[in-house]
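As the structure lists them, so they are numbered: ligands from 1, and atoms in each ligand from 1.
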Amino acid sequence: MKRFHDDRDWFFEKRYGLFVHWGLYAVPGWHEQIQWRRDIPKAEYVKLMDRFNPVAYDPEAWLDLVQDAGMEYICFTTKHHDGFCMWDTAHTEYRITNTPYGKDVLAMLAEACHRRGIRLCLYYSCPDWHHPNSLNLGASHQLDQPNPGDEPDLMKYVDYVERQIRELCTNYGQISSFFWDIPPGVNIPRLNALLRELQPGIMINDRGYGPGDYATPERRVPEGRCFTKPTEACQSVGHQSWGYREDEDYYSDRLLMGSLDKILAMGGNYLLNVGPKPDGTIPEQSAAILRRIGTWFARVKESFYDAEPASHLTANKECLLTRKGNDVYVHFPDGVACTGVTLQPIAVAPHRATVLNTGAEIRAQVELVPSWFRAGSYLRLADLPANEMGAETLVLKLEFEDLDAALKATAPAPEAQEFLL
Ligand code: GLC
């Protein structure tokens, strides 16, 4: 993957972060887009402000969870599509400091992040269902028509956005990335330029007012075996909503582990989302998921950090490979189909092969494999705990003496040449 060779390269070192969707929509606890999806008039929706009083909000508890989960950064929704601002902005009355709670929740989070050295990233929605000048003309994630009394005016709205991002990038210390949401379809270069001016080293995503630095596949694992540009996939623990949903359908650990494994093995980053409750706490079920995934992640993470995608080394599509020096890691994001796997055309055995999850040794040998296109001698890994560990995403670790020399000595296998270095 091409790096930037500037301060943005933090992105390639910190690979796993927490996404947090929190705003007024936590109060009804249905979906972060309840205003739009249930046609709630603005005059009604704004009343949620009087009920938003997150007295149990404790950014330290959030960050304890981030660290327990093995995550290294956090991306916080400063303003979602409803337009409500979760910081003490001077540019609208529609903000957290005008609720009964009255405190700047972003300032509290920023302070805690900076103290602990956890990188802080900000989400900001381009659509806005509240600001009088925003465009609500039925385009993607816009209301079908302006609210009564509104005066849609793109350039006036952009001035508001500009004043707000200036605040966000001036008053809260270092901001490591900016997550615009819902591409507005207009190019206004001065906005990203301002972000970079105020926060040198900031990463900017691809959903804003101009091209950014990284791609953001959402709730899906893209095709392929290796990303060709910086990528941060995002996924929520809940199937229905990003914001707090009282009656959520939670994804299985298996699905989340598999997608995290695949995205990281392809060279991407992963942002896993929770929606805090109206009192400011993270739902226990969501927290438990993060902790369980974290236990697995701690055991296999050496296969991602400082490692590079190396799936081109094998023609076997059942697995993905990463490589760090002379070690090769074999990932099975979709589960292990059987108790053995062959890594054609690799024809050299490692001196040690283990299940990274547990440290248990497995068998690794070069032998004539009958089952592939044309019989040949390839590296076969056997005795995999396919059933015993079926609930976990398995990663194997293969330690070679001199991997480059070994690969050079490997004859290209028929039909597999395109996968070779
Ligand atoms: C979508 C949704 C939005 C959510 C975002 C997260 O764009 O509209 O509600 O915040 O995805 O990436």
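For Arg219, the closest heavy-atom approach to ligand 1 does not fall below 4.0 Å.
Residue contacts with ligand 1 for Asn273 are absent, since no atom lies close enough (heavy atoms, distance under 4.0 Å).
Counting only distance, with no hydrogens or angles, the side chain of Asn326 and the backbone of Leu403 share a donor-acceptor pair below 3.5 Å.
Remark: Arg119 does not engage Glu13 in a salt bridge, criterion side-chain N to carboxylate O under 4.0 Å. Under 4.0 Å is where a charged nitrogen must lie from a carboxylate oxygen, and between Arg15 and Glu72 no such pair does. With respect to the salt-bridge test (charged N to carboxylate O, under 4.0 angstrom), the residues Glu232 and Lys14 do not qualify.
The protein heavy-atom contact nearest to atom 4 (C) of ligand 1 is His21 NE2, 3.4 Å. Annotation: atom 5 (C) of ligand 1 to nearest protein heavy atom, Asp181 OD2, 3.3 Å. Of all protein heavy atoms, the one lying nearest to atom 9 (O) of ligand 1 is Glu32 OE2, 2.6 Å. Nearest protein heavy-atom neighbour of atom 1 (C) of ligand 1: Glu218 OE2, 3.2 Å. In this structure, atom 2 (C) of ligand 1 lies nearest to the protein heavy atom Gln33 NE2, 3.3 Å.
For ligand 1, the atoms sitting less than 4.0 Å from at least one non-hydrogen atom of His141 are 8 (O), numbered in the order shown with element in parentheses. Close approach to Ile182 involves these atoms of ligand 1, each under 4.0 Å from a residue heavy atom: 7 (O), 8 (O). Atoms of ligand 1 lying under 4.0 Å from any heavy atom of Tyr123, numbered from 1 in the order shown and given with element: 10 (O). Listed by atom number, the atoms of ligand 1 under 4.0 Å from Cys234 heavy atoms are 12 (O). When each atom of ligand 1 is checked for a heavy atom of His80 under 4.0 Å away, the hits are 3 (C), 4 (C), 9 (O), 10 (O). Close contacts of ligand 1 with His81, meaning ligand atoms under 4.0 Å from a residue heavy atom, involve 3 (C), 8 (O), 9 (O).
Remark: aromatic rings of Trp10 and Tyr73 are close, center separation under 6.0 Å. In summary, the aromatic rings of His31 and Tyr25 are positioned with their centroids too far apart to meet the 6.0 Å limit.
The shortest distance between side-chain heavy atoms of Trp30 and Arg245 falls below 4.5 Å.
Between the side chains of Thr216 and Asp206, at least one donor-acceptor pair of N or O atoms lies under 3.5 Å.
The neighbour count for Gln240 CD, taken as heavy atoms of other residues, nucleotides or ligands under 6.0 Å away, is above 12.
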